[in-house]
Amino acid sequence: MSAEDRRAMIVHAVLPLLIEHGANVTSSQIARAAGIGEGTIFRAFKDKDELFDACTAEALRPDHVLDAIAEIPVDQPLEDRLVEAAEALGAHLERMGALMGALHASGRVKHRDPEQRHKGGSGRGGRRESMAAIRGAMVELFTPEKDRLRLPPEQLAALFLTLLFGGRRMAQDDAPTTRQVVDFFLHGAVEAE
């Protein structure tokens with residue numbers, strides 16, 4: 001196994017532990033979950049901080065959600081496509097939130113480098129790049145319907161993501177279901193006459 005493959009295998013084994021235990025996860029728990037000796041952890045990573053940083057970077061990557069969106073069949077109705085995409089995006093946000101919440105709750109608070117803050121995370125794998133990739137994947141879901149749409153697929157993708165992500169921040173007990181959000185997005189708030 002190459003050094004990069006070993007690092008990736010350890011990261012994937014550790015992510016669920018970090019969500020459960022936060023930064024309080026022990027080296028022995030990590031080793032057991034990864035099926036390796038404790039020494040192997042520290043041959044792959046200089047310390048737990050470097051491992052936690054790698055886990056955080058993996059959790060923030062949009063690859064999994066982009067793959068899920070790409071697998072949505074474009075021959076099914078637009079509403080169904082958007083529901084599937086919204087559910088995949090919601091699961092991605094929940095995983096990120098669970099990891100960041102567990103790390104924060106266990107005392108691991110890392111403040112972003114001030115230089116990074118000014119760039120807005122626009123570097124490789126940054127927030128802007130991730131959002132652009134997600135927006136691009138959503139455009140693909142709208143494109144088969146482009147002749148029927150009131151706005152270009154690019155604008156609709158941006159609006160849909162704004163509606164979807166904005167609602168996640170304010171979720172309450174009576175929050176709308178994913179299907180209700182999609183229905184509202186497609187049909188509006190007023191009943192057709």
Problem set entry | Intermediate values then yes/no, side chain to side chain contact (heavy atoms under 4.5 Å, CB included), L186 and V182 | CA-CA 6 Å; L186 291 174; V182 170; 3.9 Å; yes
Heavy-atom distance under 4.5 Å between the side chains of [X] and [Y], does that happen here?
X: D80; Y: I72; answer: no
X: M138; Y: L82; answer: yes
X: R179; Y: F184; answer: no
X: R7; Y: E58; answer: no
X: F185; Y: L164; answer: no

Of the non-hydrogen atoms in [X] and [Y], which two are nearest, and what is the gap between them?
X: A86; Y: T178; result: CB-CG2, 3.4 Å
X: A33; Y: L17; result: CB-CD1, 3.5 Å
X: A44; Y: I10; result: CB-CD1, 3.8 Å
X: H92; Y: A59; result: CE1-O, 3.7 Å
X: F142; Y: P153; result: CB-CB, 3.8 Å
X: F45; Y: V11; result: CZ-CG2, 3.8 Å

Just by distance, do the side chain of [X] and the backbone of [Y] share a donor-acceptor pair under 3.5 Å?
X: R81; Y: L141; result: yes
X: S106; Y: A102; result: yes
X: R108; Y: D49; result: yes
X: E87; Y: E84; result: no
X: Q180; Y: T177; result: yes
X: K48; Y: V25; result: yes

Q | Test log, rule side chain to side chain contact (heavy atoms under 4.5 Å, CB included), inputs L161 and L89 | A | CA-CA 9 Å; L161 290 170; L89 287 161; 3.7 Å; yes
Return the [atom1] to [atom2] distance between [X] and [Y], rounded to the nearest 0.5 Å.
X: H21; Y: I30; atom1: NE2; atom2: CD1; answer: 10.0 Å
X: L78; Y: R148; atom1: CG; atom2: CZ; answer: 7.0 Å
X: I36; Y: R43; atom1: CD1; atom2: CZ; answer: 8.5 Å
X: L151; Y: L156; atom1: CG; atom2: CG; answer: 5.0 Å
X: C55; Y: L60; atom1: SG; atom2: CG; answer: 11.0 Å

Could you tell me whether the side chains of [X] and [Y] share a donor-acceptor contact shorter than 3.5 Å?
X: T56; Y: D53; answer: no
X: E140; Y: T143; answer: no
X: S2; Y: R6; answer: no

State plainly whether the residues E154 and R135 are in salt-bridge range, i.e. N to O under 4.0 Å.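 No, no charged N to carboxylate O under 4.0 Å.
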Hydrophobic clusters here meaning ILVMFWY residues chained together by side-chain heavy-atom distances under 4.5 Å, can you tell me if [X] and [Y] are in one?
X: I134; Y: M100; result: no
X: M96; Y: L66; result: yes
X: M9; Y: V14; result: yes

Given F165 and M131, is the side chain to side chain contact (heavy atoms under 4.5 Å, CB included) satisfied, shown in steps? CA-CA 11 Å; F165 289 153; M131 283 308 298; 3.3 Å; yes
